[in-house]
Amino acid sequence: YVMEVKSHFKGIIHCHSNHSYDSIVSIKEIYNFAKNNELDFVILTDHNTIDGSLELRDYAKNKNDTKLIVPVAAEYKTEFGDVIVVFNKSEIDYKNSFNEFYKSVKLQDAITLLPHPYQSHKELDRLYNVCDLIEVYNPRLSDTKNVEAEKKAFLQKKNYYFGSDAHLKEDYENVIVLIENKGDFKTSILNGKISLFKKSKTKKINIIKSQIIKGFKQKKIILILKQMLKIIKLILKNELLNKAWQLNK
């Protein structure tokens, strides 16, 4: 009997659970989504903590699931902006200087991913040089920013990936990728071609909802009010569009 070897790993890179300050998606919901969609892996990257990935790994283990790959990972807010670390063995002090942060990553034999390069980053050229993979598609961002990231990755001859950046349960369906199987999972991410299996944009209302969640979790009333105002504007805009459509019928 010869066990079938898959040509690709199917899954999600860059997503959030209720361990992040702007998400309420439970670990159970993420696990069920992974199984219902026959995913081989989930790279869960909560903000500044590996706790979500550890809980998802334990959840799968308690289900006697030996198939779902859940590497330890987190999205850390460094002095130069967000950097995703995958395959780290323990939590990394992201509040140190970037040099110290990166040194810790390498000491743990982890890899680095640069999410949404053209959103809230500085020293971008330096980040491109040190990060192993670049995010060239993020469903929460404009096409312009995604195209710029893709161009930069091409010019720098860097490997790239397509991020999900899911914060709500329904966002998990937006971006699913295939990673070419190069043997073990870590080698495959670093050296295998990553392609899109499924791609769609995150709804504006869902981005606003994630910010409202952040406002409640961090007790930022002003943030909540600003996001509520955005919702009102979206509703009014949709009503005007509907009226215009009715008039043109």
Side-chain angles (χ1 to χ4, degrees), residues 11-26 29-30 33-34 37 39 42-49 52-53 73-78 80-86 112-122 124 127-128 131 133-153 158 160-177 194-218 220 223-224 226-235 237-238:
I12 295 176
I13 303 173
H14 183 186
C15 52
H16 299 273
S17 75
N18 52 18
H19 287 274
S20 286
Y21 52 70
D22 50 3
S23 175
I24 55 172
V25 186
S26 71
E29 287 173 325
I30 296 170
F33 176 84
N37 288 272
L39 302 188
V42 175
I43 299 179
L44 180 58
T45 55
D46 282 307
H47 291 296
N48 306 322
T49 179
S53 61
E75 181 179 11
Y76 294 108
K77 190 173 184 61
T78 74
F80 296 152
D82 294 332
V83 174
I84 289 172
V85 180
V86 191
T112 48
L113 281 57
L114 179 57
H116 43 74
Y118 290 92
Q119 183 79 13
S120 305
H121 285 93
K122 57 184 180 179
L124 199 51
L127 290 174
Y128 266 98
C131 287
L133 287 93
I134 310 301
E135 187 174 273
V136 297
Y137 180 80
N138 184 303
R140 292 165 67 94
L141 298 186
S142 67
D143 292 337
T144 302
K145 287 183 178 179
N146 285 327
V147 168
E148 282 300 313
E150 190 173 1
K151 284 180 181 176
K152 188 74 171 177
K158 300 287 292 190
Y160 57 84
Y161 72 98
F162 307 90
S164 165
D165 209 358
H167 286 72
L168 302 185
K169 183 181 175 182
E170 66 179 272
D171 294 342
Y172 270 77
E173 298 181 5
N174 291 346
V175 178
I176 297 174
V177 300
I194 301 177
S195 56
L196 280 164
F197 176 81
K198 189 175 183 182
K199 178 181 99 168
S200 60
K201 283 281 193 181
T202 304
K203 296 174 183 175
K204 285 183 180 179
I205 189 70
N206 286 1
I207 297 173
I208 295 170
K209 284 178 182 177
S210 69
Q211 288 300 298
I212 291 174
I213 291 167
K214 179 180 178 180
F216 276 108
K217 281 193 171 186
Q218 296 186 338
K220 294 181 177 179
L223 177 60
I224 296 170
K226 283 181 178 179
Q227 300 308 310
M228 294 300 291
L229 184 60
K230 285 183 181 180
I231 290 176
I232 293 169
K233 286 180 178 177
L234 272 180
I235 292 169
K237 184 180 178 181
N238 286 335

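Sequence positions, counted from 1, serve as the residue numbers for this chain.
In this structure, K199 fails the cation-pi test against F162, since its NZ or CZ atom is not both closer than 6.0 Å to the six-membered ring centre and inside 45 degrees of the ring normal.
Using a distance-only test at 3.5 Å, with no hydrogens or angles considered, a donor-acceptor pair links the side chain of H121 to the main chain of H116. For S53 (side chain) and A73 (main-chain N/O), a donor-acceptor pair under 3.5 Å exists by modelled atom type. Counting only distance, with no hydrogens or angles, the side chain of K214 and the backbone of K220 share no donor-acceptor pair below 3.5 Å. Side-chain atoms of H16 come within 3.5 Å of backbone atoms of T45 as a donor-acceptor pair (strictly under, hydrogens ignored). Panel note: side chain N206, backbone K203; no donor-acceptor pair is recorded below 3.5 Å.
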Exercise. Would I231 and I205 satisfy side-chain contact (heavy atoms from CB on, under 4.5 Å), going step by step from the backbone distance to the final call?
Worked result: CA-CA 7 Å; I231 290 176; I205 189 70; 3.8 Å; yes
Exercise. Would Q211 and L223 count as a side-chain contact (heavy atoms from CB on, under 4.5 Å) if you check the C-alpha gap in whole Å, the side-chain angles of each, and the deciding distance to 0.1 Å?
Worked result: CA-CA 7 Å; Q211 288 300 298; L223 177 60; 4.0 Å; yes
Exercise. Run the side-chain contact (heavy atoms from CB on, under 4.5 Å) check on Y161 and V177 step by step: do they pass?
Worked result: CA-CA 8 Å; Y161 72 98; V177 300; over 6 Å; no
For this session: Apply the test side-chain contact (heavy atoms from CB on, under 4.5 Å) to residues I208 and L234: give CA-CA distance (whole Å), side-chain angles for both, the deciding distance (0.1 Å), then the verdict.
Result: CA-CA 10 Å; I208 295 170; L234 272 180; 3.6 Å; yes
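For the atom pair CG of L44 and OG of S20, the computed distance is 7.0 Å after rounding to the nearest 0.5 Å. The line from OH of Y118 to OG1 of T144 is 12.0 Å long, rounded to the nearest 0.5 Å. One distance of note links OG of S195 with OH of Y160; it measures 8.5 Å at 0.5 Å rounding. A distance of 9.5 Å separates NE2 of H47 from CD1 of I84, quoted to the nearest 0.5 Å. We find the CG-NZ distance between L196 and K198 to be 12.0 Å, quoted to the nearest 0.5 Å. The CD1 atom of I212 sits 6.0 Å away from the CD atom of Q227 when rounded to the nearest 0.5 Å.
Between I13 and V86, the closest side-chain pair of non-hydrogen atoms is not below 4.5 Å. L168 is listed as a side-chain neighbour of I213, based on a closest heavy-atom distance under 4.5 Å. Residues N138 and P115 fail the side-chain proximity criterion, which asks for heavy atoms closer than 4.5 Å. Side-chain contact between E29 and Y172 is absent, with no heavy-atom pair separated by less than 4.5 Å. Between L124 and P117, some side-chain heavy-atom pair lies under the 4.5 Å cut-off. Under the 4.5 Å side-chain criterion, counting only non-hydrogen atoms from C-beta, I12 is in contact with F33.
Of all heavy-atom pairs between A34 and V42, the closest is CB-CG2, 3.9 Å. Shown here for V25 and K169, the closest heavy-atom pair between the two residues is CG2-N, 3.5 Å. Summarising the geometry of V175 relative to Y137, their closest heavy-atom pair is CG2-CE2, 3.7 Å, with the distance given to 0.1 Å. Shown here for I134 and A153, the closest heavy-atom pair between the two residues is CB-CB, 4.2 Å. The two atoms that bring H19 and G52 nearest to each other are CD2-CA, 3.4 Å, heavy atoms only. Among all heavy-atom pairs drawn from P139 and S164, the shortest one is CG-O, 3.0 Å.
Within 6.0 Å of NZ in K158 there are more than 12 heavy atoms belonging to other residues, nucleotides or ligands. With a 6.0 Å radius and a threshold of 12 heavy atoms from other residues, nucleotides or ligands, I176 has its CD1 atom above the threshold. Crowding of K217 atom NZ: a count of heavy atoms from other residues, nucleotides or ligands under 6.0 Å exceeding 12. Other residues, nucleotides and ligands contribute over 12 non-hydrogen atoms within 6.0 Å of the OH atom of Y128.
The side chain to side chain contact (heavy atoms under 4.5 Å, CB included) search around I207 returns R140, T202, not counting sequence neighbours.
A donor-acceptor contact under 3.5 angstrom links the side chains of S17 and D46, judged on distance only.
Just one of Q119, H14, K77 meets the side-chain contact (heavy atoms from CB on, under 4.5 Å) condition when paired with D82; it is K77.
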